[in-house]
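These notes concern the structure reproduced below.
Keep in mind that the numbers below use all heavy atoms, side chains included, and drop hydrogens, waters and symmetry copies.
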Amino acid sequence: MSIILKLFPDFSSYQRARRFMRLVIGGTILAVGVLLLVLPGPAFVVIPLGLAILAGEFIWARVLLRRVKHHIGRVHYNNKDSG
């Protein structure tokens with residue numbers, strides 16, 4: 001923690017930098033996941049990962065992640081009944 005305070009004497013600037021990094025990393029992963037919807041790749045794994053990173057800071061991402069989890073659970077339950 002002391003290293004963080006040396007780098008960011010004003011703790012609010014540390015929180016702003018952390019929030020910005022989550023936005024950049026989570027947003028990039030989410031964008032790649034959306035691209036993987038049309039390109040070959042594991043979009044249904046990457047999109048929730050990006051949302052999970054963004055959900056640590058943003059309420060809209062938390063709500064969207066809950067909806068995704070709900071739909072995944074519902075699909076899993078429906079497939080369990082049919083097989």
Side-chain angles (χ1 to χ4, degrees):
M1 186 71 168
S2 63
I3 294 173
I4 293 171
L5 290 176
K6 286 180 184 177
L7 290 174
F8 301 98
D10 179 16
F11 194 70
S12 65
S13 64
Y14 165 72
Q15 289 179 337
R16 278 185 275 148
R18 183 177 164 199
R19 186 173 194 175
F20 177 74
M21 289 306 297
R22 280 195 181 194
L23 175 65
V24 169
I25 293 169
T28 302
I29 292 173
L30 183 61
V32 168
V34 170
L35 284 175
L36 289 176
L37 287 171
V38 294
L39 299 172
F44 297 107
V45 174
V46 177
I47 290 174
L49 178 64
L51 286 174
I53 293 170
L54 290 171
E57 294 292 333
F58 302 102
I59 294 173
W60 62 267
R62 195 172 306 145
V63 170
L64 196 56
L65 183 62
R66 273 194 215 127
R67 288 180 61 192
V68 167
K69 285 181 182 179
H70 174 74
H71 287 294
I72 289 173
R74 199 171 75 191
V75 167
H76 178 68
Y77 181 76
N78 288 341
N79 286 340
K80 196 176 191 181
D81 287 343
S82 65

In Å, rounded to the nearest 0.5 Å, how long is the span from CG of L23 to CZ of R18?
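Here the interatomic distance stands at 13.5 Å.
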Pairwise distance NZ(K69) to CG(L51) - rounded to 0.5 angstrom
10.0 Å
Quick one, L37 with I47, criterion side chain to side chain contact (heavy atoms under 4.5 Å, CB included). Give me CA distance, side-chain angles, the key distance, then yes/no.
CA-CA 9 Å; L37 287 171; I47 290 174; 4.1 Å; yes
For the student: nearest non-hydrogen atoms of P48 and A43, plus distance
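Minimum heavy-atom separation between P48 and A43: CD-O, 4.1 Å.
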At their closest point, which heavy atom of A61 faces which heavy atom of A55, and how far apart are they?
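Taking A61 first and A55 second, the nearest heavy atoms are CB-N, 3.7 Å.
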List the steps and the verdict of side chain to side chain contact (heavy atoms under 4.5 Å, CB included) for L54 and W60.
CA-CA 9 Å; L54 290 171; W60 62 267; 3.8 Å; yes
By the salt bridge (Lys or Arg N to Asp or Glu O under 4.0 Å) test, which pairs, at least two apart or in different chains, include something from residues 20-33?
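Output for this query lists R22-E57.
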Side chain to side chain contact (heavy atoms under 4.5 Å, CB included) with I53: which of L65, I25, L30, T28?
I25
In this structure, would [X] and [Y] fall into the same cluster of hydrophobic residues linked by side-chain contacts under 4.5 Å?
| X | Y | result |
| --- | --- | --- |
| F58 | L49 | no |
| I29 | L36 | yes |
| V24 | V32 | yes |

Could you identify which residues cluster with I59, counting Ile, Leu, Val, Met, Phe, Trp and Tyr as linked when any side-chain heavy atoms lie under 4.5 Å apart, either directly or through a chain of such contacts?
V63
